[in-house]
Amino acid sequence: MPDMILKALAEAFTVGDARGRAVRNNAPMDDHRRCRLSVGDDELELAGPPAALRALSRLLRQHAEPFEVAVTDGVVSQEATAGPLLVNLQGGTTLHFSGGREYLDIIWDALDGVAEQAETADDRTVHRHQHIEYFPGDDYRSPDSVPLASRPTGQKRRCMTAARWHRL
């Protein structure tokens with residue numbers, strides 16, 4: 001009987017993303033405030049507990065029109081426009097996303113994916129994170145985008161990417 005209740009609850013808190021994939025919907029709506037924006041010299045970071053990352057993703061999915069939400073140490077804003085994903089920093093503390101919905105989906109999926117990996121990974125010593133940045137020939141991200149890393153909090157703050165060490 002308890003297994004049936006847990007299964008029903010899991011189904012009740014699962015929604016579909018823009019590509020029809022199942023995404024957990026188990027974060028309270030105000031959990032997004034636990035996400036933290038960090039601004040570095042060459043990269044931005046959006047970090048938070050898995051439930052907070054998931055809550056922020058859900059808010060952004062629901063509000064693709066010009067939308068702004070407070071997070072720790074900043075603001076996340078987004079607007080649906082024509083063209084590829086553009087990630088930039090406005091006013092020093094506002095992380096801004098713009099692009100077509102199919103390109104904004106890159107951000108939403110990254111937040112959900114990092115949260116899911118942090119919760120379900122068998123090997124907790126591997127530090128889950130996702131980079132969102134433009135590389136030549138990429139039609140999905142704008143060449144004017146600033147690199148962004150998303151990760152769950154509570155994990156080591158180093159990674160290896162593009163054959164160079166950098167701080168997350």
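If you're wondering where the values come from, they're calculated on a predicted model, not measured in any experiment.
Shown here are the side chain to side chain contact (heavy atoms under 4.5 Å, CB included) partners of Asp138, two or more places apart in sequence or in another chain: Tyr134, Tyr140, Arg141. Evaluation of the side chain to side chain contact (heavy atoms under 4.5 Å, CB included) rule for Pro84 yields Ser142 as partners, not counting sequence neighbours. With sequence neighbours excluded, the residues that form a side chain to side chain contact (heavy atoms under 4.5 Å, CB included) with Val75 are Glu68, Thr94. Thr72 is linked by a side-chain hydrogen bond (donor to acceptor under 3.5 Å, both in side chains) to nothing, counting only residues two or more places apart in sequence or in another chain.
When all heavy atoms of Val114 and Pro152 are compared, the pair lying nearest together is CG1-CD, 3.0 Å. Closest approach of Ala51 and Glu119 over heavy atoms only: N-OE2, 4.5 Å. The shortest non-hydrogen separation linking Gly48 to Leu53 is O-CD1, 3.4 Å. Trp108 and Ser57 make their closest contact through O-OG, 3.1 Å (heavy atoms, listed as atom of the first residue, atom of the second, distance). Contact record, Cys35 with Ala52: SG-O, 3.4 Å, taken as the closest heavy-atom pair.
At least one side-chain heavy atom of Arg151 sits less than 4.5 Å from a side-chain heavy atom of Glu45. In this structure, Leu95 and Gln78 have side chains that are not in contact, with every pair of non-hydrogen atoms separated by 4.5 Å or more. Phe67 has its side chain within reach of Val69: a pair of non-hydrogen atoms, C-beta onward, lies under 4.5 Å apart. Asp105 places a side-chain heavy atom less than 4.5 Å from the side chain of Arg61. Counting only heavy atoms from C-beta outward, the side chains of Val76 and Leu37 never approach each other to under 4.5 Å. Val87 is not listed as a side-chain neighbour of His96, based on a closest heavy-atom distance of 4.5 Å or more. The shortest distance between side-chain heavy atoms of Ile107 and Leu85 falls below 4.5 Å. The closest side-chain heavy-atom distance from Thr93 to Val39 is not below 4.5 Å.
In this structure, OG in Ser150 is found 11.5 Å from CG in Leu44, a value given to the nearest 0.5 Å. Atom CZ of Arg58 and atom CG of Leu56 lie 10.5 Å apart (nearest 0.5 Å). Of the inter-residue distances, the one linking Leu111 atom CG with Ile106 atom CD1 reads 12.0 Å to the nearest 0.5 angstrom.
Distance alone, capped at 3.5 Å, places no donor-acceptor pair between the Ser98 side chain and the Glu79 backbone.
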- Verdict with reasoning, Arg101 to Glu65, per salt bridge (charged side-chain N to carboxylate O under 4.0 Å, His left out): CA-CA 10 Å; Arg101 287 188 67 87; Glu65 68 278 354; 5.9 Å; no
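Residues Leu148 and Leu86 are members of separate hydrophobic clusters, defined by side-chain heavy-atom contacts under 4.5 angstrom among Ile, Leu, Val, Met, Phe, Trp and Tyr.
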